[in-house]
Amino acid sequence: MNAATVPELVVRRFGECDYQQTLDKMRSFTDTRIPETPDELWLLQHPPVFTQGLAGREEHLLAPGDIPVVQVDRGGQVTYHGPGQWVVYLLVDLRRRHFGVRGLVDVIEQSIVTTLEAFGIEAAPDPKAPGVYVNSQKIASLGLRVRRGCSYHGLSLNSDMDLEPFTRINPCGYAGLEVTSLRALLGDACPDMQRIGDRLLQSLEVRLSAR
């Protein structure tokens, strides 16, 4: 299948969604899609939840307290999702778009960098620790799973959120890793959530559609 016959990219905005229910929907979508199924981007937020990846180790959960912990089938260690953090799930047929996993990771990281640049924040990925960083502080995480040649899971961008829950874990398995957000960096100049989400989706759509 060449680029001209790749179905359009469908973008869905779901608001705030329960994590487990969303995970079940991603799995179902991936397991039932056919070669002609359009790829989808899901933009949403989650109620407070820690998610522990396939490689996750118990010692990285320091003091979860009343925030639930969900074991998931993506790569990586533990991270936190909560209100004020944009999550984008990428349901992409990698073979059809001629991506390897590394290529999709590059798309995600560069889309986040471009989004932050639009708001005056200089950021960069770290080849030793997937994600996007401002100086040494992590502002965005990513984790993927590929099944039947198709990806699910995706990225999270700390936008305008309470960062305290990150102190209850070793974020992404790194003790002492500091995290930040657009609000922490920009203060009152922080754009509203809709602007951030719109810009993030635009960056992803441009890079995914270029393949």
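Note on ring orientation: taking the six-membered ring where Trp is involved, the planes of His153 and Tyr89 are perpendicular (angle over 60°, cut-offs 30° and 60°).
Taking CG of Asn170 as the reference point, atom CG of Leu61 lies at 9.0 Å (rounded to 0.5 Å). With values rounded to the nearest 0.5 angstrom, Thr115 atom OG1 is found 10.5 Å from Ile121 atom CD1. Atom OH of Tyr133 sits about 7.0 Å away from atom OG of Ser141, to the nearest 0.5 Å. A distance of 9.5 Å separates NE2 of His81 from CG of Leu44, quoted to the nearest 0.5 Å. Put simply, CZ on Phe119 and CD1 on Ile196 are 5.5 Å apart, with the number rounded to the nearest 0.5 Å. Atom-to-atom distance recorded for Leu155:CG and Leu200:CG is 5.5 Å, nearest 0.5 angstrom.
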Could you list the donor-acceptor pairs under 3.5 angstrom formed by side chains in residues 157-164, with sequence neighbours left out?
residue	atom	partner	partner atom	Å
Asn158	OD1	Gln85	NE2	3.0
Asn158	ND2	Thr180	O	3.0
Ser159	OG	Leu157	O	3.1
Asp160	OD1	Arg183	NE	3.1
Asp160	OD2	Arg183	NH2	3.1
Asp162	OD1	Glu164	N	3.0
Glu164	OE1	Arg168	NE	3.4
Glu164	OE1	Arg168	NH2	3.2
Glu164	OE2	Arg168	NE	3.3

>> Assess the residue pair Thr79 and Thr51 against the criterion (side chain to side chain donor-acceptor pair (under 3.5 Å)); give the C-alpha distance rounded to whole Å, side-chain angles, the decisive distance to 0.1 Å, and a yes or no.
In response: CA-CA 6 Å; Thr79 193; Thr51 65; 5.8 Å; no
> Going through the distances and angles, do Ile169 and Phe50 end up as a side chain to side chain contact (heavy atoms under 4.5 Å, CB included)?
Replying inline: CA-CA 9 Å; Ile169 60 174; Phe50 294 115; 3.6 Å; yes
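Without hydrogens or angle criteria, Glu109 side chain to Gly131 main chain gives a donor-acceptor distance under 3.5 Å. Of the possible polar contacts, one joining the Thr37 side chain to the Ile34 backbone as a donor-acceptor pair under 3.5 Å is found. Under a 3.5 Å cut-off, the side chain of Ser151 and the backbone N or O of Leu90 do form a donor-acceptor pair. A donor-acceptor pair under 3.5 Å is absent between the side-chain atoms of Arg147 and the main chain of Asp31, judged by distance alone. Between the side chain of Gln52 and the main chain of Val78, a donor-acceptor pair closer than 3.5 Å is present. Under a 3.5 Å cut-off, the side chain of Arg33 and the backbone N or O of Glu36 do not form any donor-acceptor pair. Within the 3.5 Å criterion, the main-chain N or O of Gln137 finds no donor-acceptor partner in the side chain of Asn135.
Heavy-atom minimum distance, Leu9 versus Leu41: CD2-CD1, 3.9 Å. In this structure, Pro48 and Pro68 approach most closely via the heavy-atom pair O-CD, 3.6 Å. Between Leu208 and Phe99, the closest heavy-atom pair is CD2-CE1, 3.8 Å. Summarising the geometry of Leu91 relative to Phe29, their closest heavy-atom pair is CB-CE2, 3.7 Å, with the distance given to 0.1 Å. For the pair Ala123 and Val134, the tightest heavy-atom approach, listed with the atom from each and the gap, is CB-CG2, 4.0 Å. When all heavy atoms are compared, the tightest approach of Met26 to Trp42 is CG-CZ3, 3.5 Å.
Hydrophobic clustering, with ILVMFWY side chains joined whenever heavy atoms are under 4.5 angstrom apart, groups Met193 together with Val11.
Counting only residues at least two apart or on different chains, the side chain to side chain donor-acceptor pair (under 3.5 Å) pairs with a member in residues 10-20 are Arg12-Glu40, Arg13-Asp198, Gln20-Asp24.
Classification of Arg148 and Asp93 as a salt-bridged pair fails, no side-chain N sitting under 4.0 Å from a carboxylate O. Between Asp106 and Arg207, no side-chain nitrogen of the basic residue sits less than 4.0 Å from a carboxylate oxygen of the acidic one, so the salt-bridge criterion is not met. Under a 4.0 Å N-O distance rule, the pair Asp126/Lys138 does not qualify as a salt bridge.
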